[in-house]
Peer 1: 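I am attaching a structure below and will ask some questions about it afterwards.
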Amino acid sequence: MLEIMDTPFNPGERLNAFSEKCKDAGAIASFIGLVRGQKGEVSELRLESYPGVTEQGIEQAIEQAKKRWPLTTALVIHRIGSMGVGEPIVLVATASKHRRAAFESCDFLMDYLKTDAVFWKHQIGPDGAKWIEPREQDYQDKNRWS
Amino acid sequence: MLEIMDTPFNPGERLNAFSEKCKDAGAIASFIGLVRGQKGEVSELRLESYPGVTEQGIEQAIEQAKKRWPLTTALVIHRIGSMGVGEPIVLVATASKHRRAAFESCDFLMDYLKTDAVFWKHQIGPDGAKWIEPREQDYQDKNRWS
Amino acid sequence: MLKIYYFGRLSDRAGRREESLALPVGVNSVSTLKNWLDTKHGLGGALQDKSVKTMINQSLIHKDIVLQGDEEIGFLPPVGGG
Amino acid sequence: MLKIYYFGRLSDRAGRREESLALPVGVNSVSTLKNWLDTKHGLGGALQDKSVKTMINQSLIHKDIVLQGDEEIGFLPPVGGG
């Protein structure tokens, strides 16, 4: 399940709805990413996607995760557009009978989203705007799975 | 933050409240455990604690996690008493500036809860009741951290 | 008085979750108390099982200990939550 | 008509996020189109940067490709979300 949206979403409500659908799973791992930044340093984050391409890439990553781990189901919700500090950017949730599978697949999907998902991040602060690209650590995290 | 309660809790609401308190963290990993069981096989799960001892052990595990990873904060909510299939047993949430730290510390706390936390599980089904103890896999998972 | 707690499967075995009792005659340590309880409740050696841990006043003990008669004693089979 | 998309920092550089144009005279491939766009918008070689990927009709290309003139072309600097 994938949703890319340009309006805020409620991670807790989404996670509850997800849990409702996979009660026989037992183990649900999730990750919430919030727009980080000390007040004053970052005032806004803008995320851009390539409609069609972005969705296809994430759907493929979800399929890879399902092949690799015994998942009941997986959910990715990702914001695009303009966000303020503290707002959720991303929710990933994975459900399995097995705790390890849930944790690892959630971790895997986050690594995909950080380095390979087709988004561009524009950070706007008092000193102007800059484009944020993945850090070396993000690429290293991602290489754990290959 | 630790809560042991004998009434149902709402994981999504709790996670949202947790997120509100750690907006400068950016990365929030969480795990929800639900009472698993095909309908008909398990009708009820009863969890027993040793009041005082159970809390102290979990608090110590949270302190260990905070020493080991750069966490903003961590939350454990654990049910005791009687639960039906599909009900949440446990919610663990960890917040950090770093995604890896959030994932690993959440995983660590779940491993503690599965094998070392002072609870006893009584599973009641159509064939009677039995006490559930950790599986070999749970002990192996836990040994990853030592 | 001793306050004794039986947890998990031990409570099924002992037919109770807790009991209070004065230090019985001839019982002055955890090991002698375990033997005495084993006979009294017909536990079939359940308290002697290696997997069962003993707590005195909510602290794990790792060797035999002399009892004063006013302790809280917990018998804990293998734990696990989540 | 070609439909061209500039993403991320390339849109700042090109001063636009997209444009439509007929295949210019002398342009018949991705490589010649990149050179032509570089001159037209003064991109300083930004499209030639190794980190920039090219998509034709939403598929990544790994070598130069002949253009018909009706393609959707995307220029993608390093991606990353989350």
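Every chain is numbered from 1, with letters handed out A, B, ... down the list of sequences.
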Peer 1: Do you know which of A:P88, A:G26, A:P11 has the most heavy-atom pairs with chain B at a distance under 4.5 angstrom?
Peer 2: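 With the most close heavy-atom pairs to chain B, the winner is A:G26.
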Peer 1: Specify which of A:C22, A:A17, A:A29 makes the most heavy-atom pairs with chain B at under 4.5 Å.
Peer 2: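 So the answer, after comparing A:C22, A:A17, A:A29, is A:A29.
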Peer 1: Go through A:D111, A:I89, A:D138 and name the one with the most non-hydrogen pairs under 4.5 angstrom from chain B.
Peer 2: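 Looking at each option in turn, the highest pair count goes to A:D111.
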Peer 1: A:A25 versus chain B, heavy atoms under 4.5 Å apart: side chain, backbone, both or neither?
Peer 2: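 A:A25 touches chain B through backbone heavy atoms alone.
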Peer 1: So does B:R99 pair up with A:D107, basic N to acidic O under 4.0 Å?
Peer 2: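 No.
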Peer 1: Using only non-hydrogen atoms and a strict under-4.5 angstrom cutoff, which residues of residues 2-9 of chain B touch chain A?
Peer 2: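 When heavy atoms of chain A are the reference, residues 2-9 of chain B contributes no residue within the under-4.5 Å range.
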Peer 1: Could you check whether atom NZ of B:K142 has more than 12 heavy atoms from other residues, nucleotides or ligands sitting under 6.0 Å from it?
Peer 2: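 Atom NZ in B:K142 is not packed in, count stays at 12 or less.
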Peer 1: Measuring heavy-atom distances to chain B, does A:V35 have an atom under 4.5 Å in its side chain, in its backbone, in both, or in neither?
Peer 2: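 Contact with chain B is through the backbone of A:V35 alone.
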Peer 1: Out of A:E20, A:Q137, A:M110, which one racks up the most heavy-atom pairs below 4.5 Å with chain B?
Peer 2: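 Most pairs with chain B among the choices: A:M110.
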Peer 1: Tell me if the centroids of the rings in A:F31 and B:F103 come within less than 6.0 Å of each other.
Peer 2: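 Between B:F103 and A:F31, which both carry aromatic rings, the centre distance is below 6.0 Å.
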Peer 1: May I have the step-by-step check of side chain to side chain contact (heavy atoms under 4.5 Å, CB included) for A:Q140 and B:R100, ending in yes or no?
Peer 2: CA-CA 11 Å; A:Q140 283 175 25; B:R100 281 267 66 63; over 6 Å; no
Peer 1: Which pair of non-hydrogen atoms, one from B:S19 and one from A:L34, has the smallest distance, and what is that distance?
Peer 2: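 Shortest heavy-atom contact: O-CD1, 4.3 Å.
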Peer 1: Just so I understand: if I count every heavy-atom pair under 4.5 Å between each of A:N10, A:N16, A:V92 and chain B, which residue has the most?
Peer 2: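 Looking at each option in turn, the highest pair count goes to A:N16.
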Peer 1: Which atoms form the tightest heavy-atom contact between B:L15 and A:S30, and what is the distance?
Peer 2: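 Nearest pair, atom of B:L15 first, then A:S30: CD2-OG, 4.3 Å.
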Peer 1: So which part of A:C106 gets closer than 4.5 Å to some heavy atom of chain B, the side chain, the backbone, both or neither?
Peer 2: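 Backbone plus side chain of A:C106, per the 4.5 Å heavy-atom cut-off to chain B.
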